2 protein chains.
Amino acid sequence: MTDSTGPVRDNPRTRPAKAPLSRQAVIAAALGLVDEAGYAAVTMRRVAQALDTGPASLYVYVADRDELMAEAYDLALAEVEPPGPVDGDWRARLELLVGRAIAALGGHDDIALVAITRVPTGPNALRLLEATMTLLRAGGVDDSVCPWAADVLDQYVTSSALELAARLRDQRAVAAAGGAAEATEEAMSRAAGSELDAIYGELPADVYPTIHALRPAMTTAGRNGHLYATWKLGVIIDGLLAHRRHP
Amino acid sequence: MTDSTGPVRDNPRTRPAKAPLSRQAVIAAALGLVDEAGYAAVTMRRVAQALDTGPASLYVYVADRDELMAEAYDLALAEVEPPGPVDGDWRARLELLVGRAIAALGGHDDIALVAITRVPTGPNALRLLEATMTLLRAGGVDDSVCPWAADVLDQYVTSSALELAARLRDQRAVAAAGGAAEATEEAMSRAAGSELDAIYGELPADVYPTIHALRPAMTTAGRNGHLYATWKLGVIIDGLLAHRRHP
DNA sequence: ACCTGAACACCGTTCAAGT
DNA sequence: ACCTGAACACCGTTCAAGT
């Protein structure tokens with residue numbers, strides 16, 4: 001007699017799940033969609049749908065899609081903790097910091113695309129910029145080149161995060177195809193980067209002698225994700241050390 | 001008596017401009033639109049409009065927007081000429097090659113965005129990859145790390161081209177605003193990167209001491225485009241030289 | 001073979017109207 | 001203040017129909 005009569009009553013049994021909208025909820029929903037389907041698949045309409053509302057409602061909390069994605073990017077960086085004194089000298093700490101940023105961003109698919117078209121200025125991005133430049137200074141990098149050095153490291157983080165995301169995506173595709181034999185084979189060959197290898201393989205050896213000669217080393221398989229990332233960071237840091245002072 | 005009577009006749013006076021459609025024409029039109037309005041503004045419908053046809057007609061020559069943009073990217077690289085023996089030793093030549101690639105891509109607004117989401121495999125990209133790896137080998141870079149080194153240089157080219165494009169875009173905005181005093185001031189402050197500087201300036205100095213201390217060096221003005229690009233390339237090449245061999 | 005009008009299934013964003 | 005239905009001005013891509 002109390003339950004089914006009044007549709008005016010805000011009954012938590014018939015209307016249970018709908019959490020109140022908020023800026024945080026909108027941003028979290030956007031990042032969740034990135035995880036599921038990637039940056040390009042995040043539309044205002046889908047974010048709204050995930051929050052059980054209409055697209056127009058989002059504009060109460062967020063100026064536009066661009067701002068929303070920038071906030072999702074910063075949310076992805078929230079989990080990154082800057083290393084402390086226990087983690088070693090400045091170089092070990094810098095490597096840890098950079099590695100954590102790559103893992104955090106790469107763990108949210110291609111959210112790092114946000115950093116390609118705009119300079120991140122969210123609170124977490126600023127926090128990590130501060131930490132990075134502090135470590136660089138500790139490494140003897142000159143004040144005048146410190147911002148440049150931080151920029152180079154940021155570019156390294158962005159491109160490495162996108163690479164990691166692509167690798168994880170391939171792995172997920174292989175795992176998802178673990179049923180039909182044909183699909184599995186196709187997914188595995190994609191994961192091995194053999195499309196690219198096939199392109200190199202079809203080039204005439206006389207006009208592309210170097211590509212031809214180095215082809216074994218050029219496949220994604222030959223790149224070995226982690227080893228490549230380590231090598232690349234070494235290149236950058238040693239390069240930075242050689243250019244500590246302003247030209 | 002021959003000119004105005006027959007509407008059936010294909011009269012070049014009344015129907016002059018419409019060139020026959022072709023894959024090349026579609027690609028060139030797309031790159032032209034990038035130059036005018038940037039990557040995001042290039043839609044199939046606008047490309048069709050520029051060619052005086054309907055969007056459906058483009059699909060005769062091009063599989064989808066992605067392929068079209070990839071071809072436009074490769075077209076932008078067509079003008080890059082690999083340096084020869086007259087241009088100096090391997091390092092001078094590598095610096096020239098990389099500089100030319102940045103200039104070519106950056107001269108077509110943000111077309112370099114194409115290289116972010118897919119590995120360029122057009123004929124010109126392959127031609128320049130071959131040239132790059134040949135120079136790296138001449139510099140003593142080990143075969144096993146050559147592809148990695150080429151990858152690092154490609155990332156440098158892409159990010160530098162996007163930076164250059166942004167700088168040119170700002171300059172164009174300043175030039176275009178050369179009338180109304182207010183508009184000019186706003187455009188110039190944008191060009192000086194003072195938005196970013198304002199963000200840094202508002203940070204509390206006690207929790208962001210390093211950003212605070214280095215703020216003068218962090219503005220775009222302080223970055224001085226060309227000097228920064230030179231420094232960055234030096235960092236990468238010297239880093240590569242220090243890691244010539246496989247770890 | 002090449003071209004295209006019309007349609008399909010989407011977009012981001014705005015705005016008047018509701019509570 | 002917060003929310004929203006409906007609309008506006010776009011998208012990429014397909015496909016049946018024309019030449």
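The figures that follow rest on heavy atoms only: side chains count, while hydrogens, waters and symmetry mates do not. Model, not experiment: these values are computed from the prediction. A, B, ... follow the sequence lines: proteins, then strands. Residue 1 opens every chain.
Pair check for D:dC15 finds C:dG5; Watson-Crick or G-U wobble, both atom distances under 3.5 Å.
The closest side-chain donor-acceptor pair between B:Asn124 and B:Tyr73, if any, does not fall under 3.5 angstrom.
Under 4.0 angstrom from either OP1 or OP2 of C:dC10 there lies no side-chain N or O belonging to A:Thr43. Considering only side-chain N and O atoms, B:Thr53 lies under 4.0 angstrom from the phosphate OP1 or OP2 of C:dT4.
In this entry the distance linking CE of B:Met69 with C1' of D:dG12 reads 14 Å, nearest Å. As rounded to whole Å, 10 Å separates atom P of C:dC10 from atom CD of A:Gln49. The OH-P distance, from B:Tyr59 to D:dA17, rounds to 21 Å in whole Å. Atom CZ of B:Arg45 and atom P of C:dC10 are 15 Å apart (whole Å). In this structure, A:Met44 places its CE atom 17 Å from C1' of D:dC11, rounding to the nearest Å. What separates CG of A:Leu33 from P of C:dC11 is a distance of 11 Å, to the nearest Å. For the pair B:Glu67 CD and D:dT13 P, the interatomic distance rounds to 10 Å; values are reported in whole Å. Taking atom CG of residue B:Leu68 and atom C1' of nucleotide D:dT13, one finds them 14 Å apart after rounding to whole Å.
A salt bridge is absent between B:Glu79 and B:Arg100; no separation between the charged side-chain nitrogens and carboxylate oxygens falls under 4.0 Å.
Place A:Arg46 and B:Leu58 on DNA chain C by their nearest nucleotides, and B:Leu58 ends up nearer the 5' end.
Nearest to the side chain of A:Ala56, among C:dT13, D:dT13, D:dG5, sits D:dG5. Nearest to the side chain of A:Val60, among D:dT4, C:dT4, D:dA7, sits D:dT4. Taking every side-chain heavy atom of B:Ser57 into account, C:dT4 is the closest of C:dT4, D:dT13, C:dT14.
Applying the 6.0 Å contact sphere to CD of B:Glu67 captures more than 12 heavy atoms from other residues, nucleotides or ligands.
Checked by atom type and distance alone, the side chain of B:Arg215 pairs as donor or acceptor with a backbone atom of B:Asp197 at under 3.5 Å. Here the side chain of B:Tyr39 pairs no donor or acceptor atom with the backbone of B:Ala112 at under 3.5 angstrom.
When the P atom is compared between D:dA9 and C:dA9, the two are found 22 Å apart, to the nearest whole Å.
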